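Note sheet for the following structure.
Note that the coordinates shown come from a computational prediction; the quantities given were computed from them, not determined experimentally. As the structure lists them, so they are numbered: ligands from 1, and atoms in each ligand from 1.
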Amino acid sequence: MNKYIHAGSPQFFAFNVWSIESAKAVMDAAAQTGCGLILQTSMKAYEQLDKEGFRTYVKDYGQKNDIKTYLHLDHCRKMEYIHEAVDLGWDSVMIDASEKPLCENIVITNEVIRTARQKGVLVEAEIGQIRGQEDDISSVKAGIAGMREIEEFLKNTDVDMLAAAIGTVHGLYKGAPDIHYDVIEQTAQITEIPFVVHGGTGLSDGELLRLLSYKNVKKINISTDVKLAYRRGIEESIRDGAMEPKGFDPLRVERRIHDSIQQMAAEKMELLKKGRTM
Ligand code: G3H
Ligand code: ZN
């Protein structure tokens, strides 16, 4: 099993991408910074992708450019997608049964683990409710994961990564983030399993560095920032006249979008290196 993330592994940012172009931009940031990275697809992106073509491109480009790249299926609620991604060579999958009662979450997660283990694929699960909207996943209630729930879950599943709701939010924050760092600390006292932080967009560098200061935090998810960087690339293209019909050059616009995503991702990855020196 390619246990690419574990108690002794590096920390990663996991960026949600939806196309070969967006994946390439984030991978170029990894090559620029020398960091490894996780490319993750939401269910919505996964549904629309040429999955095998995408996986082949990512793995080939990573190999050619010596970028440690891992493919992850994010917030999946459909077992057929889990089975397919495991068979297609995704490196890890997230079964998101967080909206179910704990006992059901445990049963569903164990079913996914049984499937994933056969192909050496890692499994992430979620405890508590991460508020906000992330592609096709939304939740209005913010349910901070309770330690009793976490203990019960870890006692009954052999999950590889745990996403416990700590107050971070999917999408843009409406106010100052209220992050329950104590949940990370207490979880570290009962398990070495990698802790996953969702809702990375909108957290300050200080908050990201504080999250990275916890050695059990091994994966921080970023999705909305990738979309906003894409949007900035278009805005900049409009501003500098690259969208005018006369002499319109799609390559110039796509380059601008690529560079905007690469810059955003590189700035995040630089925090991984900064965190290692602190
Ligand atoms: O699973 C994906 C992330 O949790 C996305 O969160 O859009 O707030 O960066 P974000
Ligand atoms: Zn998430």
Side-chain angles (χ1 to χ4, degrees), residues 5 11-18 22-23 25-26 29 37-47 49 70-78 81-82 85 90-99 105 109 122-145 159-180 183-184 194-205 207-208 211-212 217-232 260-261 264-269 271-272:
I5 194 168
Q11 296 169 307
F12 296 93
F13 276 104
F15 295 93
N16 285 69
V17 292
W18 56 88
S22 53
V26 176
L37 89 154
I38 299 169
L39 289 175
Q40 50 189 30
T41 52
S42 68
M43 270 199 303
K44 189 166 91 172
Y46 181 78
E47 280 163 351
L49 272 172
Y70 302 100
L71 262 181
H72 180 78
L73 176 59
D74 191 28
H75 284 292
C76 190
R77 292 180 170 172
K78 292 186 179 170
Y81 291 168
I82 296 263
W90 259 241
D91 297 289
S92 52
V93 293
M94 176 185 184
I95 175 64
D96 181 352
S98 57
E99 85 287 356
N105 189 348
T109 299
L122 303 183
V123 176
E124 175 186 336
E126 181 178 325
I127 291 276
Q129 291 281 309
I130 297 165
R131 198 154 38 93
Q133 178 82 32
E134 152 55 27
D135 267 9
D136 36 10
I137 299 289
S138 66
S139 167
V140 289
K141 51 187 184 74
I144 304 297
V159 72
D160 299 294
M161 302 179 241
L162 183 69
I166 56 172
T168 54
V169 167
H170 282 145
L172 299 176
Y173 285 85
K174 293 190 176 58
D178 174 21
I179 303 173
H180 293 239
V183 174
I184 301 174
F195 194 102
V196 181
V197 175
H198 283 243
T201 294
L203 297 181
S204 67
D205 287 359
E207 285 158 339
L208 290 170
L211 287 164
L212 291 168
V217 169
K218 292 292 183 186
K219 178 173 180 273
I220 298 181
N221 289 359
I222 303 281
S223 177
T224 304
D225 263 341
V226 186
K227 298 171 190 166
L228 294 177
Y230 179 98
R231 188 173 179 278
R232 273 196 305 278
S260 174
I261 293 174
M264 178 282 300
E267 285 167 3
K268 295 280 189 268
M269 290 180 193
L271 295 177
L272 293 173

* Is the OH atom of Tyr81 crowded by more than 12 outside heavy atoms at less than 6.0 Å? -> yes
* **Distance-only N or O hit between ligand 1 and His170, under 3.5 Å** => yes
* Looking just at side-chain N and O atoms, do Asp74 and Asn16 make a donor-acceptor pair shorter than 3.5 Å? -> yes
* Asked: His198 heavy atoms, cut-off 4.0 Å: which ligand 1 atoms fall inside?
  -> 1 (O), 4 (O)
* Around atom 3 (C) of ligand 1, find the nearest protein heavy atom and jot down its residue, atom name and distance. => Asn221 CB, 3.3 Å
* Structure fact -> ang(NE2 His170, the Zn ion (ligand 2), NE2 His75) rounded to 10° is 100°
* Candidate pair Lys218 and Met161, rule side-chain contact (heavy atoms from CB on, under 4.5 Å), full reasoning -> CA-CA 9 Å; Lys218 292 292 183 186; Met161 302 179 241; over 6 Å; no
* Asked: Under the side-chain contact (heavy atoms from CB on, under 4.5 Å) criterion, do Ile261 and Val226 qualify, and how do the steps go?
  -> CA-CA 6 Å; Ile261 293 174; Val226 186; 4.1 Å; yes
* Can you list the ligand 1 atoms lying under 4.0 Å from a non-hydrogen atom of Val169? -> 8 (O)
* To do: List every atom of ligand 1 that sits less than 4.0 Å from any heavy atom of Thr224, numbering the atoms from 1 in the order shown and giving each element.
  => 7 (O), 9 (O), 10 (P)
* Where ligand 1 meets Asn16 - atom numbers and elements under 4.0 angstrom, heavy-atom basis -> 2 (C)
* To do: Compute the shortest N/O to N/O distance between Ile222 and ligand 1 and return yes if it is under 3.5 Å, no if not.
  => no
* **Which of the ligand 1 atoms, numbered from 1, are nearer than 4.0 Å to a heavy atom of Asp74** => 1 (O), 2 (C)
* To do: Check the side chains of Ser92 and His72 for a donor-acceptor pair under 3.5 angstrom, ignoring hydrogens and angles.
  => yes
* Structure fact -> Among non-hydrogen protein atoms, atom 9 (O) of ligand 1 lies closest to Thr201 OG1, 2.6 Å
* **For atom 5 (C) of ligand 1, closest protein heavy-atom neighbour** => Ser223 CB, 3.5 Å
* So does Lys268 pair up with Asp205, basic N to acidic O under 4.0 Å? -> no
* **Residue from Ile184, Val217, Ile144 passing side chain to side chain contact (heavy atoms under 4.5 Å, CB included) with Ile166** => Ile184
* Could you check which N/O/S atom of His198 is closest to the Zn ion (ligand 2)? => ND1
* To do: Carefully, step by step, assess Gln40 and Met94 under the rule side-chain contact (heavy atoms from CB on, under 4.5 Å).
  => CA-CA 10 Å; Gln40 50 189 30; Met94 176 185 184; over 6 Å; no
* Can you tell me if Glu124 and His198 form a side-chain donor-acceptor pair at under 3.5 Å? -> yes
* To do: Could you go through the ring pair (Phe, Tyr, Trp, His ring centres under 6.0 Å) check for Trp90 and Tyr70 one step at a time?
  => CA-CA 8 Å; Trp90 259 241; Tyr70 302 100; over 10 Å; no
* Asked: Relative to the heavy atoms of His75, which atoms of ligand 1 are at a distance of less than 4.0 Å?
  -> 1 (O)
* **Distance filter under 4.0 Å to Gly171 heavy atoms, resulting ligand 1 atoms** => 7 (O), 8 (O), 10 (P)
* Any N/O of Asp225 closer than 3.5 Å to an N/O of ligand 1? -> no
